[in-house]
Amino acid sequence: MSDISSGTASDQIEFPKPIFISVNNVVLEVFEAGRQNSGEPIILCHGFPEHAFSWRYQIPVLVAAGYHVIVPNQRGYGNSSCPTEVTDYDIKHLTADLIALLDYYGYEDATFVGHDWGANVVWNLALLYPERVNKIINLALPYQDRGEQPWIELMEILFGEDFYFVHFNKQTGIADAIMNENVHQFLRNIFRKDIPSAPPAPGMLMINLARAVEPAGKPLMDKTELSVFVSAFELSGFTGAINWYRNLDRNWHLMADIKPLIHQPTLMIYGEQDTIPKSENLKNIVPNLDIVSLDCAHWIQQEKPEETNRAILKWLAQQNA
């Protein structure tokens, strides 16, 4: 992780040095910038298999726009705590970590930005702690309707036992071990762009990516940037991150009595080439909604950083006008 700490992980981007904050019975590795902008907090929440470094292109522009930027490695990632109990990664724990982070800094509320799994946490944060979330910006993953069946049960019916969500839950530990043995290869193969469209290969996606000798498409980042992710997962392993998936059915039960209505002003940013489908009824759940679509795939803020930054800053300026 020395590349991050020295601020030399990318020639173009200076990345903050980490601080370690004890919250909610874990220690979070947090990267912070713009403390001079105290009073305007914005918290950036990464997805899988990511790292706070995923937001390297957004941090400086948000600081320049007047925000106190707080970017945690969430539990299971980087140098943050990796609890051994699977249930310690349920949605109650993940959202409570962010609330405890707000409390640590003395903020009543903040703007929350999430990508992928981070977006899922932010959606649920707004439902569980609506008074602590003033605005939402989510990338890639729209709010997922709870439905009548627990998630993994439904996904197995729809997509089969090799679908990686199902595999993570039903064949515990197998994918973790293979990914841990092939950290560099897996991360090199998953962080790609301009991937030619092709029918899905047989087998389990994440295992296939960990074992593939030749990656598809083009690299999303340079080798120095990729090394930040590789170093982090060589240290932590993937089990903590995968344990987020192993709580999907638990989360389904935990959120049973929560009405899915989000009142905060919200910006949803989609990648037009992303395999995650857009939501057809997001406006019904998030009535105060704006939508932006960018010509990219899943890793939106890393693949199209300038366009992402423009969309975020324009929207924030409109909200603050």
Side-chain angles (χ1 to χ4, degrees), residues 26 46-51 73-78 80-94 115-121 124 140-141 144-192 195 198-216 229-230 232-256 274-277 298-299:
V26 292
H46 64 76
F48 173 91
E50 293 184 290
H51 186 282
N73 266 333
Q74 296 173 87
R75 62 170 66 198
Y77 285 85
S80 294
S81 297
C82 291
T84 54
E85 289 295 321
V86 172
T87 54
D88 284 345
Y89 297 85
D90 69 25
I91 200 64
K92 292 288 181 77
H93 285 87
L94 297 176
H115 172 253
D116 182 77
W117 252 111
N120 186 61
V121 175
N124 285 282
L141 186 77
Q144 301 296 293
D145 293 324
R146 187 172 168 274
E148 298 296 320
Q149 281 176 293
W151 290 109
I152 300 305
E153 189 180 303
L154 177 65
M155 289 176 179
E156 186 166 14
I157 292 168
L158 293 176
F159 306 119
E161 63 184 8
D162 277 337
F163 185 58
Y164 68 98
F165 283 72
V166 179
H167 192 289
F168 282 156
N169 279 272
K170 296 293 183 74
Q171 301 188 51
T172 308
I174 292 176
D176 315 33
I178 294 167
M179 292 157 68
N180 288 341
E181 289 166 9
N182 299 280
V183 175
H184 179 271
Q185 192 161 277
F186 171 68
L187 293 170
R188 179 202 65 185
N189 292 347
I190 199 169
F191 287 128
R192 311 292 290 183
I195 297 173
M204 196 277 223
L205 172 65
M206 299 298 171
I207 293 175
N208 290 348
L209 285 167
R211 287 177 166 163
V213 176
E214 292 296 329
F229 295 86
V230 173
F233 281 102
E234 283 178 342
L235 180 72
S236 67
F238 287 96
T239 297
I242 292 172
N243 281 344
W244 291 37
Y245 291 88
R246 295 184 176 127
N247 279 280
L248 275 168
D249 282 359
R250 181 176 169 83
N251 297 344
W252 186 88
H253 290 288
L254 287 170
M255 299 299 291
D274 200 345
T275 55
I276 297 175
H298 183 66
W299 313 111

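Reckoned from all heavy atoms, side chains included, excluding hydrogens, waters and symmetry mates.
Closest of all the heavy-atom pairs between N180 and F238 is OD1-N, 2.9 Å. Listed here is the closest heavy atom pair of I195 and A216: CG2-CB, 4.0 Å. Considering all non-hydrogen atoms of both residues, R192 and W299 come closest at O-CD1, 3.6 Å. The minimum heavy-atom distance linking M204 with A175 is given by the pair CE-CB, 3.6 Å. Pairing each heavy atom of M206 with each of Y164, the nearest pair is CE-CE1, 3.5 Å. Here the shortest heavy-atom pairing between I152 and L248 reads CD1-CD1, 3.9 Å.
Every salt bridge (Lys or Arg N to Asp or Glu O under 4.0 Å) that D90 has, sequence neighbours left out, goes to R250. Every residue was checked against the side-chain hydrogen bond (donor to acceptor under 3.5 Å, both in side chains) condition with S236, not counting sequence neighbours, and none meets it.
Atom CZ of F191 is separated from atom CG of L209 by 11.0 Å, given to the nearest 0.5 angstrom. Note that CD of E153 and CG of N169 are 12.0 Å apart. Values are rounded to the nearest 0.5 Å. In this structure, CG in N189 is found 9.0 Å from CG in N182, a value given to the nearest 0.5 Å. How far CG of N247 is from NE2 of H253: 11.5 Å, rounded to the nearest 0.5 Å. Separation of atoms CD1 (I242) and CE (M179) is listed at 4.0 Å; rounding is to 0.5 Å. With values rounded to the nearest 0.5 angstrom, R75 atom CZ is found 5.5 Å from H93 atom NE2.
Side-chain atoms of D88 and V26, non-hydrogen and from C-beta on, never get closer than 4.5 Å to each other. At a threshold of 4.5 Å between non-hydrogen side-chain atoms, the residues E156 and F163 do not count as touching. For the pair L187 and P49, the minimum side-chain heavy-atom distance is below 4.5 Å. Between N243 and F168, every side-chain heavy-atom pair lies at or beyond the 4.5 Å cut-off. The shortest side-chain heavy-atom distance between Q74 and H46 falls under the 4.5 Å cut-off.
A distance-only check finds a donor-acceptor pair linking the side chain of N124 to the backbone of N120 [under 3.5 Å]. H115 contributes no side-chain N or O that, together with a main-chain N or O of A140, makes up a donor-acceptor pair within less than 3.5 Å. A donor-acceptor pair under 3.5 Å is absent between the side-chain atoms of D145 and the main chain of G147, judged by distance alone. Here the side chain of W252 pairs a donor or acceptor atom with the backbone of R146 at under 3.5 angstrom.
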Practice task
Test ring-ring contact (aromatic ring centres under 6.0 Å, His included) on F233 and F186 and set out the steps.
Solution key: CA-CA 11 Å; F233 281 102; F186 171 68; 8.0 Å; no
Exercise for the section: Would you please test D116 and H298 for side chain to side chain donor-acceptor pair (under 3.5 Å) and show each step? Expected result: CA-CA 8 Å; D116 182 77; H298 183 66; 2.9 Å; yes
Exercise for the section: With side-chain contact (heavy atoms from CB on, under 4.5 Å) as the test, would you mind laying out the steps for Q149 and I157 before giving the verdict? Expected result: CA-CA 10 Å; Q149 281 176 293; I157 292 168; 3.4 Å; yes
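Note: W117 and W244 have perpendicular aromatic rings, judged against thresholds of 30 and 60 degrees for the angle between ring planes. Taking the six-membered ring where tryptophan is involved, the planes of F165 and Y245 are perpendicular, since the angle between them exceeds 60° and thus also 30°.
Enclosure of atom CD in E161 is not indicated, since only 12 or fewer non-hydrogen atoms of other residues, nucleotides or ligands lie within 6.0 angstrom.
Side-chain contact, N73 with H51: a donor N or O sits under 3.5 Å from an acceptor N or O.
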